[in-house]
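FYI, the numbering just counts along the sequence from 1.
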Amino acid sequence: MHPHLESVLWTDDQISRRISDLAAQISADFLACSPPPVFIGVATGAFLFLADLVRKIDLPITVDLIRAESYGSGTVSNEAPTISFGLKVDIKDRHVILVEDIVDTGHTLSRVSEHLKSKGASSVSVCTLLDKPTRRKVNLQLVGDEKYYRGFECPDYFVVGYGLDFAELYRNLPYIGVLKSEHYE
Ligand code: IMP
Ligand code: MG
């Protein structure tokens with residue numbers, strides 16, 4: 001375990017097994033979707049999750065990235081995240097699966113989801129690896145067949161690893177753990 005961590009919450013094996021379950025569920029749910037869905041990862045945090053998830057999806061999907069800036073270098077969420085780079089793929093009339101590392105207050109998810117709908121997506125489902133429901137400020141409204149998938153419910157700790165950072169560090173850890181407070185206070 002990295003010396004800056006207090007504990008490991010999910011090992012790389014546990015993450016990998018959970019992603020296999022999510023991918024099987026999504027592949028089954030979107031089997032009849034035509035054209036197949038577009039997976040859009042929220043950079044940078046979702047880069048590993050997106051890569052591992054799409055490799056287990058058994059459909060001829062499209063993949064793209066979007067960037068939402070929410071934190072700067074602190075641990076306090078920004079209420080008005082900005083979209084700082086846009087999409088390459090045309091998502092008009094496409095079903096989108098938005099891939100996130102973690103849903104915390106929900107501001108980022110709502111902002112990105114609105115943006116994707118403004119670009120003409122016919123639906124925006126969500127697949128987040130972690131979910132901290134106790135910190136939610138904004139609840140995403142799903143409509144029609146839109147789905148919400150989550151890997152693990154995360155307790156209210158600041159976590160790093162497997163894509164998640166503090167001040168752009170720790171993203172490359174293969175597991176997810178709790179950062180010791182002395183390293184961000
Ligand atoms: P939200 O807008 O408050 O839901 O925050 C979402 C974004 O904040 C995520 O996409 C992460 O990049 C970041 N974030 C939230 N909680 C954590 C955490 O515990 N560790 C690292 N990043 C986090
Ligand atoms: Mg993120």
Check [X] against [Y] and note the closest heavy-atom contact, atom names and distance.
{"X": "Val159", "Y": "Ile176", "value": "CB-CG2, 3.9 Å"}
{"X": "Val63", "Y": "Ile61", "value": "CG2-CD1, 4.0 Å"}
{"X": "Ser125", "Y": "Asp145", "value": "OG-O, 4.4 Å"}

I'd like to check [X] versus [Y] (side-chain heavy atoms, cut-off strictly below 4.5 Å). Are they in contact?
{"X": "Arg150", "Y": "Pro133", "result": "yes"}
{"X": "Val42", "Y": "Asp101", "result": "no"}
{"X": "Val54", "Y": "Val99", "result": "no"}
{"X": "Leu22", "Y": "Ser20", "result": "no"}
{"X": "Leu140", "Y": "Ser113", "result": "yes"}
{"X": "Ser123", "Y": "Val96", "result": "no"}

* Please list, chain by chain and in numerical order, all residues satisfying side-chain contact (heavy atoms from CB on, under 4.5 Å) with Leu179, sequence neighbours excluded. =>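 Per chain and number, Leu179 pairs via side-chain contact (heavy atoms from CB on, under 4.5 Å) with His4, Leu5, Phe158, Val160, Phe166, Tyr170, His183, Tyr184.
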* Asked: Taking the side chain from Lys132 and the backbone from Tyr157, do they hold a donor-acceptor pair closer than 3.5 Å?
  -> yes
* To do: Tell me, with the steps shown, if Asp90 and Lys119 meet salt bridge (charged side-chain N to carboxylate O under 4.0 Å, His left out).
  => CA-CA 8 Å; Asp90 181 4; Lys119 296 284 175 197; over 6 Å; no
* Distance only, no hydrogens: is a donor on one side chain within 3.5 Å (strictly under) of an acceptor on the other, for Thr44 and Arg67? ->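 There is such a pair (donor and acceptor under 3.5 Å, judged by atom type) between the side chains of Thr44 and Arg67.
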* Judged by modelled atom types alone, do Asp52 and Tyr162 share a side-chain donor-acceptor pair under 3.5 Å? ->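 Side chains of Asp52 and Tyr162: pair found under 3.5 Å.
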* Common cluster, Val138/Val124, ILVMFWY with side-chain heavy-atom separation under 4.5 Å ->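 No, it is not one cluster - the side chains of Val138 and Val124 are not joined through contacts under 4.5 Å.
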* Asked: Do Trp10 and Phe152 have ring centres separated by under 6.0 Å?
  -> yes
* To do: Return yes when atom CG of Asp21 has more than 12 non-hydrogen atoms of other residues, nucleotides or ligands closer than 6.0 Å, and no otherwise.
  => yes
